[in-house]
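Just so you know, these numbers use all the heavy atoms, side chains as well, and skip hydrogens, waters and symmetry mates.
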Amino acid sequence: MVAIVVLLMQGCGFLKSKFGGKSGKGGEIGMTNGEVTATGRKGWRQPTPYGMVLVPSGSFIMGQADEDVAATQINMNRQVTISSFYMDDAEISNHEYRQYINALLADSVSVLGEEDIMAKYYPDTTVWKNDFTYHNGDPMLEHYYAHPAFDTYPVVGVSWVAANHFCKWRTNTLDDFRTKEGNYRSFGYRLPSEAEWEWAARGGKQGAKYPWGNPYVANGKGCYLANFKPQRGNYDADGYPYTAPATAYSPNDYNLYNMAGNVAEWCRDAYADNTNAIVWDMNPDNQNADEPRKIVRGGSWKDIAYYLETGTRSYEYEDQKRSYIGFRCVMDNLEGRAASVRGGRASKAGGSSKSSKKTKASKI
């Protein structure tokens with residue numbers, strides 16, 4: 001009779017659920033007949049985040065690819081290794097950032113306070129006047145963030161503090177949805193480290209001076225390859241006097257737009273002259289909350305070509321808002337060196353996986 005009872009209990013799943021049977025979405029519990037039989041839990045996969053592309057892992061010589069300003073000597077070459085990650089194919093746009101501000105004003109006023117939201121996280125439109133002496137920035141001040149004509153242009157006037165808060169909000173929004181759907185939480189969005197940013201900007205080109213390669217800022221037809229300050233100050237020569245749409249110009253070989261020019265981009269790292277001496281050569285990342293200077297990379301619409309170089313380093317204070325600094329997010333990829341698809345917005349909409357936006361504004 002005891003044997004019959006045991007068989008009945010097994011048939012009802014009692015012993016399996018207690019000692020190692022399947023447990024729905026979680027997969028194997030891991031113990032069978034007193035032995036460890038655990039395999040991978042089922043139900044987890046890492047989908048390519050919308051608007052992002054996969055940046056593969058690899059090793060490269062980080063640092064200046066051409067002559068550095070002689071007086072700086074802050075970017076000595078060094079070989080580092082970077083793990084795979086996902087990165088926004090373009091800088092965060094005005095309309096994307098507006099979703100975040102609208103959400104804060106709708107849901108977080110009681111926690112953060114409207115005054116705090118407007119002071120810390122809302123884009124400072126006065127940067128178009130304050131950043132430049134004796135400059136008629138009124139049209140940009142009035143229209144750049146508010147008007148739909150600039151919806152797909154990169155958001156500016158956002159501090160490093162606000163950019164990090166945007167990443168946290170974006171993570172919470174995704175994880176709330178995934179939790180309701182019964183899925184595991186994501187790895188979360190964040191700002192790229194300086195090393196990740198440089199590795200992504202090079203697009204797999206070892207020793208590349210610019211994201212498109214070497215050594216010029218224009219192609220064979222004389223068309224400029226980025227939005228910056230050409231010549232002696234002919235801002236309009238590249239097609240845009242101020243910023244350009246986030247998907248203007250051709251992407252690099254990792255399908256990332258505007259990794260040089262348009263707007264410079266916040267990185268997660270704190271700035272240090274001796275970074276190479278204090279960070280490891282595997283996924284270097286200098287996080288220092290006591291250092292208010294944060295790394296800015298890529299150059300902008302108001303910078304000369306030197307700041308467009310993949311190895312050029314710069315910084316700004318974490319609470320400062322500028323008309324020439326924006327950002328993009330990354331997410332860790334923990335499924336290995338490669339993914340089944342490179343991802344991107346166009347591929348999810350049924351288009352080619354090589355172009356990650358539904359539309360691309362190209363100047364050449």
Side-chain angles (χ1 to χ4, degrees), residues 46-60 62 80-93 96-97 99-100 154-155 158-175 178 185-204 211 246-247 251-260 262-271 275 279-280 282-287 294-298 310 313 318 325-339 341-345 347-348 353 356-357:
Q46 186 172 7
T48 301
Y50 179 83
M52 287 189 161
V53 295
L54 177 71
V55 178
S57 62
S59 181
F60 75 111
M62 183 176 177
V80 300
T81 299
I82 304 297
S83 298
S84 177
F85 59 94
Y86 292 94
M87 187 178 224
D88 281 326
D89 59 358
E91 298 138 344
I92 297 298
S93 68
E96 288 172 326
Y97 195 82
Q99 312 312 307
Y100 157 68
V155 68
V158 173
S159 69
W160 181 87
V161 173
N164 275 281
H165 197 263
F166 174 92
C167 293
K168 292 178 181 178
W169 167 82
R170 190 177 177 185
T171 297
N172 291 338
T173 301
L174 175 61
D175 285 346
R178 290 183 62 84
R185 298 173 68 86
S186 71
F187 294 128
Y189 298 96
R190 57 176 175 82
L191 293 179
S193 70
E194 180 181 14
E196 287 173 334
W197 191 98
E198 185 173 327
W199 167 245
R202 292 181 185 275
T247 53
N252 71 1
D253 286 354
Y254 287 159
N255 299 315
L256 298 167
Y257 294 87
N258 288 308
M259 294 300 286
N262 210 24
V263 294
E265 299 176 14
W266 289 114
C267 293
R268 182 163 69 171
D269 302 53
Y271 176 81
T275 292
V279 297
W280 198 30
M282 175 66 180
N283 291 323
D285 188 2
N286 179 26
Q287 295 189 61
K294 305 302 181 184
I295 291 291
V296 174
R297 284 299 201 111
T310 54
R313 307 179 71 220
E318 62 186 28
I325 300 179
F327 69 100
R328 70 180 81 206
C329 306
V330 300
M331 178 185 286
D332 293 312
N333 170 39
L334 300 187
E335 289 192 328
R337 292 178 60 87
V341 294
R342 295 193 67 83
R345 308 182 195 207
S347 62
K348 292 202 172 188
S353 64
S356 57
K357 293 279 187 178

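- When all heavy atoms are compared, the tightest approach of Asn286 to Val279 is CB-CG1, 3.8 Å.
- Checked against ring-ring contact (aromatic ring centres under 6.0 Å, His included), Phe166 has the following partners two or more places apart in sequence or in another chain: Tyr97, Tyr100, Trp169, Phe327.
- Atom CG of Asp269 and atom CD of Glu196 lie 8.5 Å apart (nearest 0.5 Å).
- Applying the side chain to side chain donor-acceptor pair (under 3.5 Å) test to Ser159 and every residue at least two apart in sequence or in another chain returns nothing.
- The minimum heavy-atom distance between Arg313 and Glu194, with the atom names listed, is NE-OE2, 2.6 Å.
- Side-chain contact check for Phe187 versus Tyr86: every heavy-atom pair is 4.5 Å or farther apart.
- Side-chain contact between Pro154 and Asn262 is present, with heavy atoms from C-beta onward closer than 4.5 Å.
- No donor-acceptor distance shorter than 3.5 angstrom exists from the side chain of Glu96 to the backbone of Val155, with no hydrogens or angles considered.
- For the pair Arg170/Ile92, a side-chain contact is recorded, criterion being any heavy-atom separation below 4.5 Å from C-beta on.
- In this structure, the side chains of Tyr254 and Pro211 stay at 4.5 Å or more apart for every pair of heavy atoms.
- When all heavy atoms of Thr247 and Ala90 are compared, the pair lying nearest together is CG2-CB, 4.2 Å.
- Residues Arg268 and Asp285 have side chains in contact (heavy-atom distance under 4.5 Å, counting atoms from C-beta outward).
- No donor-acceptor pair closer than 3.5 Å links the side chain of Thr81 to the backbone N or O of Gly58.
- With sequence neighbours excluded, no residue forms a side chain to side chain donor-acceptor pair (under 3.5 Å) with Thr171.
- By the side chain to side chain donor-acceptor pair (under 3.5 Å) test, Asn283 pairs with Ser83, sequence neighbours left out.
- For Gln46 (side chain) and Leu334 (main-chain N/O), a donor-acceptor pair under 3.5 Å exists by modelled atom type.
- In this structure, the side-chain contact (heavy atoms from CB on, under 4.5 Å) partners of Arg185, at least two apart in sequence or on a different chain, are Asp175, Thr179.
- Side-chain contact between Leu54 and Thr48 is absent, with no heavy atoms from C-beta onward closer than 4.5 Å.
- In this structure, Ile82 CD1 and Arg202 CZ are separated by 11.0 Å, a value rounded to the nearest 0.5 Å.
- Although no hydrogens or angles enter the test, the distance criterion places a donor-acceptor pair under 3.5 Å between the side chain of Arg297 and the main chain of Thr310.
- Side-chain contact check for Met87 versus Trp197: some heavy-atom pair is nearer than 4.5 Å.
- Side-chain N or O atoms of Asn252 include one that pairs as donor or acceptor with a backbone N or O of Ala200 at under 3.5 Å.
- Trp160 meets the side chain to side chain donor-acceptor pair (under 3.5 Å) test with no other residue; sequence neighbours excluded.
- Taking the side chain as every heavy atom from C-beta outward, Trp266 and Val296 approach each other to under 4.5 Å.
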